[in-house]
2 protein chains.
Amino acid sequence: MNAAEEKMRKRLEAAGLRPTRQRISLGEILFGRGDRHVSAEALHAEAAAAGETVSLATVYNTLRAFTGAGLVRELTIDANRVYFDTNIGAHHHFFDERNGALMDIPAELIKIDGVPTPPEGAEIEAIDVIVRVKTATS
Amino acid sequence: MNAAEEKMRKRLEAAGLRPTRQRISLGEILFGRGDRHVSAEALHAEAAAAGETVSLATVYNTLRAFTGAGLVRELTIDANRVYFDTNIGAHHHFFDERNGALMDIPAELIKIDGVPTPPEGAEIEAIDVIVRVKTATS
DNA sequence: GTGTTTGCAAAGTGTTTGCAATTTA
DNA sequence: TAAATTGCAAACACTTTGCAAACAC
């Protein structure tokens with residue numbers, strides 16, 4: 001029995017999710033190597049490349065389940081693709097419009113002042129800072 | 001000859017766009033009343049409500065043309081819908097996740113410090129701050 | 001066993017495209 | 001008249017859904 005697999009199984013149980021074969025596989029890919037930003041499509045491809053059999057629908061289901069359980073966070077950065085971020089703490093992003101690359105910016109680095117009081121009855125959920133960059137054309 | 005229409009015609013010409021009937025109509029709706037945030041679908045509905053005959057495809061074409069000409073700016077805020085902002089100056093946004101409402105925050109109000117140097121060879125295009133709020137459930 | 005999850009294929013959204021007809025300069 | 005624009009319907013890319021079979025507890 002693989003140790004990483006066992007650990008993932010526990011992590012899913014702790015989050016109240018049934019540790020199915022597919023969720024364990026996807027979890028290992030997502031959380032196995034530091035912070036990641038993935039689209040459903042990309043995760044599906046990675047799973048396939050790793051020899052795991054997981055349908056695209058299940059990848060979507062799983063990512064939604066992980067999001068609901070707080071293991072992962074949805075990012076809105078590109079209008080035609082949902083990204084999921086395995087870093088669930090507060091932080092910001094560099095987004096390279098040329099190639100779609102995303103890079104974390106630790107929350108402590110950026111100081112934001114002067115955010116006005118939200119409209120009557122609204123409460124601030126999150127403050128997202130996206131630094132859009134373009135790499136020079138080669 | 002409507003004065004507003006004539007003005008819009010000139011504005012389009014100045015931007016290097018042919019002033020077609022459809023572009024003038026859409027332009028008047030977009031720029032006629034202060035800063036606006038619209039989706040293609042919403043603009044199409046508004047045009048229809050105003051009695052203008054414009055196909056949805058043309059609304060998309062026009063918004064793309066306006067974006068290219070710098071009359072309008074694309075906003076990435078919601079993963080399944082593109083918004084266009086008639087305010088092309090630097091500024092930020094409140095976004096109400098409950099009802100999709102968008103509200104401008106003047107750039108001068110918010111001070112951002114500590115943005116790290118972008119990765120090698122990349123240049124900062126824009127810094128977007130999105131303050132996500134939720135109105136209390138009624 | 002009972003309720004959950006999977007996976008397929010079909011349906012759904014929002015957006016783009018091909019192309020003939022129309023319009024603009 | 002030449003080049004750009006329109007509008008329809010079809011094509012697209014991404015995501016969700018319906019439902020029967022497989023699985024977890």
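Convention: sequence-line order gives letters A, B, ...; per-chain numbering from 1.
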Any chance you could encode DNA chain D as dot-bracket? Rule is Watson-Crick or G-U wobble with both distances under 3.5 Å; [ ] for pairs crossing earlier ones, | for another strand.
|||||||||||||||||||||||||
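Nucleotides of DNA chain C nearest to B:N61 and B:E13 differ in position, and the one nearer the 5' end is that of B:N61.
Using a 4.5 Å cut-off on side-chain heavy atoms (C-beta onward), A:I105 and A:I110 make contact.
Taking the 5' to 3' direction, DNA chain D first and last meets chain B under 4.0 angstrom from a heavy atom at D:dA3 to D:dC8.
Rounded to whole angstrom, the span from the CG atom of B:L63 across to the P atom of C:dT17 amounts to 15 Å. Computed from coordinates, the B:R9 CZ to C:dT23 P distance equals 14 Å when rounded to whole Å. Rounded to a whole Å, the CG atom of A:L26 is 12 Å from the C1' atom of C:dT6. The separation between B:L17 atom CG and C:dA25 atom P is 12 Å, rounded to whole Å.
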Across nucleotides 11-16 of chain C, 5' to 3', mark each nucleotide with B, S or - according to how protein heavy atoms within less than 4.0 Å reach it.
---SBB
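Considering CZ of A:F84 and OG1 of A:T67, their distance stands at 4.5 Å, rounded to 0.5 Å. Remark: B:L63 CG to B:S39 OG distance equals 9.0 Å, nearest 0.5 Å. Remark: B:E123 CD to A:T135 OG1 distance equals 10.5 Å, nearest 0.5 Å. One distance of note links NE2 of B:H92 with CG of B:L109; it measures 9.0 Å at 0.5 Å rounding.
Neither side chain, A:N87 nor A:H37, offers a donor N or O lying under 3.5 Å from an acceptor on the other.
Shown are A:T86, A:L30, A:L12, A:I88; of these, the side-chain contact (heavy atoms from CB on, under 4.5 Å) with A:L71 is made only by A:L12.
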Determine, stepwise, if the pair B:H91 / B:D35 fulfils side-chain hydrogen bond (donor to acceptor under 3.5 Å, both in side chains).
CA-CA 12 Å; B:H91 65 283; B:D35 294 337; over 6 Å; no
As a quick check of understanding, evaluate salt bridge (Lys or Arg N to Asp or Glu O under 4.0 Å) for B:K134 and A:E125, giving each step before the final call.
CA-CA 7 Å; B:K134 274 204 175 107; A:E125 286 283 308; 3.7 Å; yes
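Formation of a donor-acceptor pair under 3.5 Å by the A:R23 side chain with backbone atoms of A:R18 is found in this model.
The hydrophobic clustering, which links ILVMFWY residues whose side-chain heavy atoms are closer than 4.5 Å, places A:I77 and A:V129 apart.
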